[in-house]
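What follows is a single structure, written as structure tokens, with notes after it.
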Amino acid sequence: MPGTSAILLDMKKQIVVIGSLNMDLVALSPRIPRPGETLLGHEFRTAPGGKGANQAVAAARLGGDVAMVGRVGADDFGDALLANLQANRVAHDWVLRDADAASGVAIIVVDDVGENSIVVLSGANMRLTPADVEAAESVIARSGVMLLQLESPLDAVTRAAELGRRHGATVVLNPAPARPLPPELLSLVDVLIPNETETTMLTGLPVSDEADMRAAAAALQSRGVGAVILTLGERGAFLIHDDVAQHIPAFAVQPVDTTAAGDAFVGGFAVALAEGRPLAEAVRWGNAAGALAATGLGAQPSLPRRAAVEALLRK
Ligand code: RIB
């Protein structure tokens, strides 16, 4: 990874997101049901989601110039997911319609204290190919920041990272949902944004205190990762880069639904980075966007606008 100042001086403004689009089917319930249990819930809602699309829309709502690469089915959900990108000013020329697979769906239960459980049925998302990514090389070449997650096939994610690296984009990987990663992918990542569970899954190390976090980040950096930003939920984030190891506290809010709070963090971080802000300040943008997203119901309905993030940052 180039030094932070090199990243910032050379930055192109476009953000490209390679990832998933899902329709979220959300049950609001007094609590998450136990195995074998049936509960009477409060309410049912649908909302556009998917980690990739959430991060794309989060960045666009904060003023980012965003393009998305992915796959949806040739079905009603696919129509709605594309219309939603359009409504949020996310360029979607590189989101393909797949006649042979359904659009991705996520079944989400949100309880009365804002915790959730999610099952993703990936459908068309898992049919994204390295060739699909190569077909988007022109927009990748224009991009200063590339956002990747793990709801897409690893060969497509790895190809995206290779092209991002080749064209000088800052490659940001949010390794969610957690799964083991090939070394070649990690070695192409400039900024890794895992939560605690994902960090332990990737390193085999616990992350209960600051010494643990430094050790886990060092393990990731020894595999080629540049900066590591460990997201800690209501405790904020821990940034480790070069000789900097810094805890950046969260903004205190009353959570209603934490779905997509992590995606809002990544979107906010990306916009700040694309605007040339230093890493620590970009993490504050991520914290602010994530905190605000947790105060609303649903994935994309809760993603904040720029004015709200700027107001929180001023506090
Ligand atoms: O990160 C939240 C997202 O995870 C939801 O929108 C759901 O679609 C799953 O992808």
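Ligands are counted one by one from 1 in listed order, and the atoms in each one are counted from 1 as well.
- Per-residue contacts place Gly50 under 4.0 angstrom from the following atoms of ligand 1 (heavy atoms of the residue considered): 5 (C), 6 (O), 7 (C), 8 (O), 10 (O).
- Paired with Met23 under the rule side chain to side chain contact (heavy atoms under 4.5 Å, CB included), one option of Leu121, Leu81, Val72 passes, and it is Leu81.
- The minimum heavy-atom distance linking Ile15 with Gly64 is given by the pair CD1-CA, 4.4 Å.
- In terms of protein heavy atoms, atom 8 (O) of ligand 1 is closest to Asp24 OD1, 2.6 Å.
- Atoms of ligand 1 lying under 4.0 Å from at least one heavy atom of Ala106, given by number and element, are 7 (C), 8 (O).
- A salt bridge is defined here as a Lys NZ or Arg NE, NH1 or NH2 lying under 4.0 Å from an Asp or Glu carboxylate O, and Glu162 with Arg159 meets this definition.
- Asp155 and Thr158 are not linked by any side-chain donor-acceptor pair at a separation below 3.5 angstrom, with hydrogens and angles left out of the test.
- Of all atoms in ligand 1, listed by their number and element, those nearer than 4.0 Å to a heavy atom of Ala299 are 6 (O).
- At a heavy-atom distance under 4.0 Å, only side-chain atoms of Glu151, from C-beta outward, approach ligand 1.
- Those atoms of ligand 1 with a heavy atom of Gly49 less than 4.0 angstrom away are 6 (O), 8 (O).
- At a 3.5 angstrom cut-off on N or O pairs, Asn54 counts as close to ligand 1.
- Contact of the Phe238 side chain with the Val207 side chain is not registered, since no non-hydrogen atoms from C-beta on lie closer than 4.5 Å.
- If you check which protein heavy atom lies closest to atom 2 (C) of ligand 1, you get Asp263 OD2, 3.3 Å.
- Contact annotation: the side chain of Gln149 never approaches that of Asp263 to less than 4.5 Å [non-hydrogen atoms, C-beta and beyond].
- Looking from atom 4 (O) of ligand 1 to the surrounding protein, the closest heavy atom is Lys51 NZ, 3.2 Å.
- A salt bridge links Arg165 with Asp190: the distance from a Lys NZ or Arg NE/NH1/NH2 to an Asp or Glu carboxylate oxygen falls below 4.0 Å.
- In terms of polar-atom proximity, defined here as any N/O pair under 3.5 Å, Asn22 does make such a contact with ligand 1.
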